[in-house]
Asker: 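The following block contains the structure, expressed as structure tokens.
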Amino acid sequence: MNGTSPSPELRPPAPETVRQKFLRDPGPWIILLAGLALWRAGYPRPHVDDLFFTGVSIELTRSGQLVNPWLAPWMASIGTTQFFVFPPVLPYTQGLWVACFGVSTASFTAFHLLVQGALQLCVYRLARAAGAGWHVALAAAVVAFFFSVNYGMRPDALAFLLVVLGQLGAHGSRPWHRVAGAVLSAAAVLTHPLAMAFVIPLYVGQLLTMRGNRPALRTLVVSTSAGVAATFLWFLVAIHGAVGEFLRAMAAHKRLIMAPDWYRGPLYFWGELVLGREPWLCGTIYVLAFLGFARAFRAATSDGRMRTYRRLVWIWLAAAAMGSFLYPGRMEHYAAYSGLALAVVIWSNSRWAGAVASAAVIAAAAHNAGAVLVPAFGDTTPPDPVAIRDAVARHPERILCVDEVVARYVFDFRLPAGARDWSLRRPAQLGTAGTIASKSPGTLWIASEWKLEHYVADAGVRAERLRIGSHTFGSLARVPYRVRIIE
């Protein structure tokens, strides 16, 4: 070696190429590309609550009013004209998106897949920060995908995203990080009230870990109070200060969707766990979750990472207990998937990490058989818009009542003036609340065969079931978007 050549030890390392970075951590690219592919394939698929949550954002953008005209009869039946039956974060967030990108199926699905993709990226990054390999972290992100895949345009994924972002802020190094974390955490509760089942135990856990550090504890309390106060002020502006009317409408909505008092709590949680699906499907998720929890508690107390996992398990148990009394029908699902993702991370540094990650993905996929099997083996052809538009043209004087399938594939969420959400239930006496015999002659119903069969006793409709080989799936429609016109 001559005197002018640097020694190998002193030569600066070559900068990492984009290709090397991609190969080292391809997870985010996979999540983003998968999200784009799902959007092109029409995900998220139609959900019964789509009109419930999109109509208000459209009207908010159009007139500035927090009103959903597609729900007008139902809102009147519970004593309000304002959309006070659910917290306002999703309507305003989605409304801002609509103002930028317009009203269309592609616009709404892009918004929700963007939210779901952001949630998956957060789960992926948290798993990587805990030491998981990219393939294990990707499995945790896939669990997050299966959590939200059947929620359509509901606010659940957005609420969980805000919970995660709020916690990242709450554990930040600067006071403004914690103020922002409190704003996001409070916003999560104002996206879906059940988020408080996670937000409260997470903050209590953080307070307990700081109880010996008074300056840090004081900073957390002050910054959290400031963030919550700022979010509450925004909430007052969003509902025009009508707190009493908002609380009355929320209470009326809760009475409609909740089980009777004697059936609430853990009993209802178990009933929802097994209702409408084979118990072992969701049961497998809980078994895998509790195996991960057991590993965390069996580990040596000197293991700092396992101590963190044990604290998270206690927080999960507190959240599950609180949620089983707040809204057990939804908490059964929230607890299953959050517990499964946590279990994947707990096992991430063991020789069983790959096996557990694979089992978690399989269990989540099995629990979402409809989302997996129907697109693969069924017929997801949209309904014929010509026949439906002809029926509407024949009856211009009638009130058009449509479900989410027709709203999406026929009208692209641009419903004719005066249209109503057919899927409304009691006490509005429309759609799923009534029978064809009692249907008003001034209405025109257009809804999927699946809904007519299950919710209208005298519809006389039997939707075709999905069949694979010799097995018929009684709970899956082979042609889920086939509709009937009830004149």
Side-chain angles (χ1 to χ4, degrees), residues 16 19-34 117 119-149 160 164 167-168 171 198 201-202 205 209 278-320 333-369 372:
E16 194 174 30
R19 181 174 180 273
Q20 288 171 326
K21 290 180 179 179
F22 175 81
L23 292 175
R24 181 170 56 84
D25 197 2
W29 289 100
I30 294 174
I31 292 171
L32 292 173
L33 292 174
L119 175 60
Q120 293 163 44
L121 285 171
C122 285
V123 171
Y124 180 86
R125 284 304 182 191
L126 288 172
R128 291 289 276 157
W134 73 266
H135 57 294
V136 175
L138 188 61
V142 171
V143 169
F145 161 73
F146 277 116
F147 161 75
S148 56
V149 68
F160 254 83
V164 174
Q167 285 303 298
L168 292 176
H171 288 83
F198 289 89
L202 283 165
T209 60
E278 293 82 353
W280 63 269
L281 289 178
C282 200
T284 303
I285 293 179
Y286 277 98
V287 168
L288 289 171
F290 279 99
L291 285 175
F293 300 166
R295 181 174 191 264
F297 281 101
R298 284 174 58 86
T301 56
S302 58
D303 189 331
R305 180 177 288 146
M306 288 299 172
R307 285 203 305 272
T308 299
Y309 294 155
R310 282 195 289 272
R311 185 163 60 250
L312 290 174
V313 171
W314 283 117
I315 289 171
W316 182 92
L317 291 170
H333 197 256
Y334 280 24
Y337 284 83
S338 57
L340 184 60
L342 177 56
V344 170
V345 175
I346 290 173
W347 283 99
S348 62
N349 292 289
S350 76
R351 60 192 179 94
W352 296 99
V356 171
S358 300
V361 170
I362 292 171
H367 191 237
N368 290 273
V372 175

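Below, all heavy atoms of this structure are taken into account, side chains as well, without hydrogens, waters or symmetry copies. On a predicted model such as this, the values are computed, not experimentally measured, just so you know.
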Asker: Quick one: CD1 on I346 to CE on M306, what's the gap to the nearest 0.5 Å?
Answerer: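 Output value for this atom pair is 7.0 Å.
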Asker: Quick check for you: to the nearest 0.5 Å, what is the distance between I315 atom CD1 and L202 atom CG?
Answerer: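 The CD1 atom of I315 sits 5.0 Å away from the CG atom of L202.
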Asker: Could you check if a side-chain atom of V356 sits within less than 4.5 angstrom of a side-chain atom of V136, using non-hydrogen atoms only?
Answerer: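 Result no, sub-4.5 Å side-chain heavy-atom pair not found.
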Asker: Hey, what's the ring geometry for W314 with F297, parallel, tilted or perpendicular (30° and 60° as the breaks)?
Answerer: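 It falls in the perpendicular class, over 60°.
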Asker: Determine whether the aromatic ring centres of residues Y309 and W316 are separated by less than 6.0 angstrom.
Answerer: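 Ring centroids of W316 and Y309 are no less than 6.0 Å from each other.
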Asker: Tell me the closest heavy-atom pair linking N349 and R305, and the distance in Å.
Answerer: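 Nearest pair, atom of N349 first, then R305: ND2-NH1, 3.1 Å.
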Asker: Testing the basics here: between G117 and I31, what is the closest heavy-atom pair and its distance to 0.1 Å?
Answerer: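 The pair with the smallest heavy-atom distance is O-CG2, 4.1 Å.
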Asker: Taking C-beta and beyond as the side chain, do V123 and F145 meet within less than 4.5 Å on heavy atoms?
Answerer: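 V123 vs F145: side chains apart.
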Asker: Which heavy-atom pair separates A137 from A132 by the least distance, and what is that distance?
Answerer: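 Answer, listing the atom of A137 first, then A132: N-CB, 4.2 Å.
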Asker: Tell me whether the rings of Y337 and H367 are parallel (<30°), tilted (30 to 60°) or perpendicular (>60°).
Answerer: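 Y337 and H367: tilted rings.
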Asker: Restricting to non-hydrogen atoms, name the atom on V345 and the atom on A127 that form the minimum distance, rounded to 0.1 Å.
Answerer: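 The pair with the smallest heavy-atom distance is CG2-CB, 3.9 Å.
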Asker: About how many Å separate CD1 of I285 and CZ of F147, when rounded to the nearest 0.5 Å?
Answerer: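 So the gap between those two atoms works out to 11.5 Å.
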Asker: How long is the gap from CG on L126 to CG on L168, to the nearest 0.5 Å?
Answerer: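 Nearest 0.5 Å value for the CG-CG distance: 5.5 Å.
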Asker: Provide the closest heavy-atom pair for L288 versus A359 in the form atom of the first, atom of the second, distance.
Answerer: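 Here L288 and A359 meet closest at CD1-O, 3.7 Å.
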Asker: Once ring-ring contact (aromatic ring centres under 6.0 Å, His included) is applied, do any residues pair with Y124, and if so which ones, sequence neighbours excluded?
Answerer: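 In terms of ring-ring contact (aromatic ring centres under 6.0 Å, His included), with neighbours along the sequence ignored, Y124 is linked to no residue.
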Asker: How many angstroms lie between atom CH2 of W347 and atom CG of L342, to the nearest 0.5 angstrom?
Answerer: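 Reported to 0.5 Å precision, the distance equals 12.5 Å.
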Asker: On a heavy-atom basis, which atom in F290 and which in L317 lie closest, and how many Å separate them?
Answerer: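 That closest heavy-atom pairing would be CE2-CD2, 4.5 Å.
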Asker: Supply the atom-to-atom distance R128 CZ to D25 CG, rounded to the nearest 0.5 angstrom.
Answerer: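 These two atoms lie 4.0 Å from each other.
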Asker: Are any non-hydrogen side-chain atoms of F146 and L340 less than 4.5 angstrom apart?
Answerer: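 Answer no - side chains too far apart.
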